[in-house]
Amino acid sequence: MTSTVLRQISSQDGEVDRETLWQARYGRAPVPALPSEWNETLEVLLSHRSSRNYRADALPTGTVELLVAAAQSAPTSSNLQAWSVIAVEDPERKARLAGFTGGNAHILAAPLFLVWLVDLSRLREIARQHGNSGEGLDFHESFLIGAIDAALAAQNAVVAIDSLGLGSCYIGGMRNQPEDVARELKLPPETVAVFGLTVGYPDPAVETDVKPRLPQSAVLFREEYGTIRPEDLASYDDAMKAFQQKQKLPLSGWTSVIAKRIENAAALKGRSQLTAILRRLGFPLK
Ligand SMILES: Cc1cc2nc3c(=O)[nH]c(=O)nc-3n(C[C@H](O)[C@H](O)[C@H](O)COP(=O)(O)O)c2cc1C
């Protein structure tokens, strides 16, 4: 296994032990009975962590094309392929885009910044060429399809990135000032940047760790929705504090942080205006 991430987590004999990966993902929770099958794909998925510090090195020629092939291999609603991506490498453009996100210095540090778009403009044009108005694109449903397609495509690229020993970080801050982003990237109507993705070689001097996730009992229900047990949230707060301690971050846990993140409209950092902004960018959103 060549991934840098996996090398960091590998046991001494070079084998990535799935119990170690499981416990990193769930903060030392007991490992349930699992199927005996195990492979490198699962190792890459369970080892994922975002990287926000990069080496200055350029990416090998063809990396963008390889990542886009991985992205285009994702499933897509009705094969509509209602997304596009813009590869940004120009440092000045990256700096302007970072400015629209309210910071995110990792956009500047990364040699490559991929901006993922909901793209209904191509479909509108195709409908016109076939003699109809493409009325179906006017509805919220079509915007949602574009957002789902863009997310699936980008996440396939992230898995490819992780498998290559590269690092990445999504940038939702692309939605803070979507009209400025649209002007910068010369987007046509009915396209919008839904998130960015920084890509580069992780800086080995900055240790990253797998960030624990909620216990499965809080997210996995069988047959019908269940109840969320307070002890699951408490144990996750503890797991996050252990992660934060390792990363030398303030020990805030999780529940108090996310409660603040969704507290009110102001907490959305301008994104509470998104519906009106999307309409101005040409999405009817009926
Ligand atoms: C759609 C999306 C938007 C995100 N936006 C940002 C961002 O603007 N800045 C940032 O540093 N991280 C951002 N992230 C990264 C998340 O904070 C990160 O994935 C999460 O904390 C889990 O950590 P992990 O990826 O290391 O497991 C974003 C992630 C997603 C999926």
Side-chain angles (χ1 to χ4, degrees), residues 3-6 8-9 21-27 42-54 71 74 83 85 88 94 97-110 113-118 143-144 146-163 166-178 180-181 192-200 202-203 206-215 218-219 236-237 239-244 246-250 252-262 267-271 274:
S3 153
T4 311
V5 162
L6 288 178
Q8 285 172 3
I9 209 164
L21 289 173
W22 190 275
Q23 297 205 332
R25 181 55 70 211
Y26 291 112
L42 293 166
E43 286 173 4
V44 167
L45 290 170
L46 267 77
S47 305
H48 167 78
R49 77 283 306 269
S50 295
S51 299
R52 296 182 178 82
N53 298 277
Y54 301 99
W83 63 275
V85 62
V88 179
K94 281 192 292 167
L97 289 171
F100 301 145
T101 75
N104 284 298
H106 35 303
I107 298 175
L108 297 177
F113 187 48
L114 296 174
V115 184
W116 300 85
L117 312 175
V118 168
F143 182 83
L144 191 56
I148 293 169
D149 275 8
L152 295 178
Q155 183 54 27
N156 254 28
V158 167
V159 175
I161 286 164
D162 288 348
S163 77
L166 296 169
S168 69
C169 185
Y170 280 102
I171 303 291
M174 282 285 97
R175 298 190 305 280
N176 290 6
Q177 297 175 223
D180 291 321
V181 173
V192 64
V194 275
F195 44 78
L197 189 73
T198 56
V199 186
D203 181 349
V206 181
E207 202 185 322
T208 56
D209 289 304
V210 168
K211 189 183 282 183
R213 294 294 195 262
L214 284 164
V219 302
Y236 185 54
D237 270 332
M240 278 299 291
K241 282 180 190 163
F243 167 83
Q244 288 153 350
K246 240 171 131 187
Q247 289 277 297
K248 300 185 178 62
L249 295 167
S252 343
W254 183 71
T255 48
S256 64
V257 177
I258 55 123
K260 201 95 195 112
R261 170 69 176 77
I262 56 179
L268 296 188
K269 299 182 188 153
R271 299 181 210 170
L274 203 53

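Position 1 is the first residue of the sequence; numbering continues from there. Values in this document were obtained by computation on a predicted structure and should not be read as measured data. Counting starts at 1 for both ligands and their atoms, in listed order. Reckoned from all heavy atoms, side chains included, excluding hydrogens, waters and symmetry mates.
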- line: for atom 8 (O) of ligand 1, nearest protein heavy atom and its distance come out as G172 N, 3.1 Å
field: Any side-chain donor near an acceptor of the partner, Y54 and T198, under 3.5 Å
entry: yes
query: Of the protein's non-hydrogen atoms, which lies at the shortest distance from atom 9 (N) of ligand 1, and what is that distance?
result: N104 OD1, 3.1 Å
query: Can you name the nearest heavy-atom pair linking L274 to P178, along with the distance?
result: CD1-CG, 3.8 Å
Top protein contact for atom 25 (O) of ligand 1, by heavy-atom distance: S50 OG, 2.6 Å
field: Protein residue, atom and distance nearest to atom 29 (C) of ligand 1, heavy-atom basis
entry: Y170 CB, 3.4 Å
message: I need the contact type for C169 against ligand 1. Using non-hydrogen atoms and a strict under-4.0 Å cut-off, is it side chain, backbone, both or neither?
response: side chain
Distance, nearest 0.5 Å, that separates NZ of K211 from CZ of R25: 10.0 Å
- request: Please could you name the atoms of ligand 1 that G173 approaches to less than 4.0 Å, counting only its heavy atoms?
  value: 8 (O)
- prompt: Roughly how far apart are D149 CG and W83 CH2, rounded to 0.5 Å?
  reply: 9.0 Å
message: Give the atom numbers and elements of ligand 1 that come within less than 4.0 Å of a heavy atom of R49.
response: 26 (O)
- prompt: If you round to the nearest 0.5 Å, how far is OG1 of T101 from CG of N176?
  reply: 6.5 Å
field: Nearest-neighbour protein heavy atom for atom 11 (O) of ligand 1, which is reported as residue plus atom name and distance
entry: R52 NE, 2.7 Å
message: Restricting to side-chain hydrogen bond (donor to acceptor under 3.5 Å, both in side chains), what partner residues turn up for K260, sequence neighbours left out?
response: E263
message: Could you identify the single nearest non-hydrogen protein atom to atom 20 (C) of ligand 1 and state the distance to 0.1 Å?
response: K211 NZ, 3.8 Å
task: Could you pull out all residues at least two apart from R213 that satisfy side-chain hydrogen bond (donor to acceptor under 3.5 Å, both in side chains)?
output: none
query: Is the shortest distance from a heavy atom of H106 to ligand 1 less than 4.0 Å?
result: yes
query: Taking only heavy atoms of R213, which atoms of ligand 1 are found under 4.0 Å from at least one of them?
result: 22 (C), 23 (O), 24 (P), 27 (O)
message: Ignoring hydrogens, what is the shortest heavy-atom contact between S51 and C169? Give both atom names and the distance.
response: O-CB, 3.4 Å
